[in-house]
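Remarks on the structure that follows.
Just follow the structure's listing: the first ligand is 1, and inside any ligand the first atom is 1. Residues take their numbers from the sequence shown, with the count starting at 1.
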Amino acid sequence: MTDPNDLAAFWAQAWQHLGRGVADGKSPARYPTFATVSPDGMPEVRTVALRRADSAAQVLEVHTDIETPKVAALRQTPWASLHVWLARADLQIRATARVDILTGPQVQADWDRVPAASRVSYGTNPVPGAPIDHVFAYDKPPDRDRFAVLRCHVAKLDLVHLGARHRRAVFERDTDWAGQWVAP
Ligand SMILES: Cc1cc2nc3c(=O)[nH]c(=O)nc-3n(C[C@H](O)[C@H](O)[C@H](O)COP(=O)(O)O)c2cc1C
């Protein structure tokens with residue numbers, strides 16, 4: 001068993017779960033809750049699929065349609081919070097990240113890897129959130145020009161582990177990820 005005082009092991013465990021979320025569609029880390037601040041300053045959340053987790057670069061990536069309201073939110077406030085609850089591991093992961101919205105030629109390689117069946121998630125007509133006359137009064141042509149990668153540069157990671165004694169730690173880029181135990 002790993003030393004419960006080991007901050008580095010706690011950090012590594014969180015990134016291992018995030019990596020598994022990318023690789024395994026059945027992992028609860030596959031579908032984080034992604035929070036942004038709307039242009040009028042309101043909190044907003046939605047489920048997304050985790051597409052990349054790079055522990056060395058501290059980067060998480062999500063794919064989206066540039067016409068979704070979350071992109072308008074990020075254009076104004078380029079910060080997001082990602083939340084995952086891993087019930088079997090009794091672990092909550094919260095990441096605060098500065099988000100780059102990548103489109104066009106810089107995401108061509110990502111688009112090439114998106115399965116044909118999934119490409120229809122990028123290009124809904126009318127745009128996501130627009131009122132429609134009937135429940136199915138929309139179509140979903142794939143549109144590469146609407147495809148975006150949200151590259152989330154993690155600035156802070158807050159981990160909570162519910163054990164016999166709870167553990168919580170905060171890791172911040174500003175302190176070179178040294179990590180700090182905090183009261184849970
Ligand atoms: C299981 C699941 C996975 C989803 N994955 C994504 C995703 O990877 N990217 C995305 O933009 N929306 C995804 N969605 C849809 C969003 O939750 C949301 O409805 C949509 O993106 C519009 O969000 P917005 O209006 O807040 O921008 C997913 C929804 C579910 C239920």
Requested in this report: Establish whether atom 19 (O) of ligand 1 and some protein heavy atom are separated by less than 4.0 angstrom.
Outcome: no

Query - D158/R168 salt bridge by N-O under 4.0 Å criterion - result: yes

Query - ligand 1 N/O within reach of A49 N/O, cut-off under 3.5 Å - result: yes

Requested in this report: Looking only at distances, please establish whether an N/O atom of ligand 1 is found under 3.5 Å from an N/O atom of Y31.
Outcome: no

Report summary line: Within 4.0 Å of some non-hydrogen atom of T68, the atoms of ligand 1 are 27 (O)

**Report entry** Nearest heavy atoms of D112 and R119, plus distance in Å
**Finding:** O-NH2, 3.5 Å

Report task. May I ask you to decide if I101's main-chain N or O and R75's side chain share a donor-acceptor pair within less than 3.5 Å? Result -> no

Query raised in the report: What is the minimum heavy-atom distance between V59 and E61, and which atoms define it?
Result: CG1-CG, 4.1 Å

Report summary line: protein heavy-atom neighbour closest to atom 2 (C) of ligand 1 works out as T47 CG2, 3.8 Å

Query raised in the report: OH/Y122 to OG1/T68 distance, rounded to the nearest 0.5 angstrom?
Result: 10.0 Å

Query - Which residue and heavy atom of the protein sit nearest atom 27 (O) of ligand 1, plus the separation - result: K70 N, 2.8 Å

Query raised in the report: E44: heavy atom below 4.0 Å from ligand 1, yes or no?
Result: no

Query raised in the report: With atoms numbered from 1 as shown, which atoms in ligand 1 lie under 4.0 angstrom from a non-hydrogen atom of P69?
Result: 24 (P), 25 (O), 27 (O)

Query raised in the report: Does the side chain of R146 come within less than 4.5 Å of P128's, by heavy atoms?
Result: yes

Query raised in the report: Considering only protein heavy atoms, which is closest to atom 6 (C) of ligand 1, and at what distance to one decimal place?
Result: V48 CA, 3.5 Å

**Report entry** Nearest neighbour in protein (non-hydrogen) for atom 9 (N) of ligand 1
**Finding:** H63 O, 2.8 Å

Query raised in the report: Should D90 and W85 count as side-chain neighbours, where that means a heavy-atom distance under 4.5 Å?
Result: yes

Report task. Kindly confirm or rule out an N or O of T64 lying under 3.5 angstrom from an N or O of ligand 1. Result -> yes

Query raised in the report: Under 3.5 Å between some N or O of ligand 1 and some N or O of R46?
Result: yes

Query raised in the report: Looking only at heavy atoms, is any part of P128 under 4.0 Å from ligand 1, and if so is it the side chain, the backbone, or both, or is it neither?
Result: neither

Query raised in the report: Is any side-chain heavy atom of R46 closer than 4.5 Å to a side-chain heavy atom of T36?
Result: yes

Query raised in the report: Looking at A29 and H17, what are the two nearest heavy atoms and their distance?
Result: CB-O, 3.4 Å

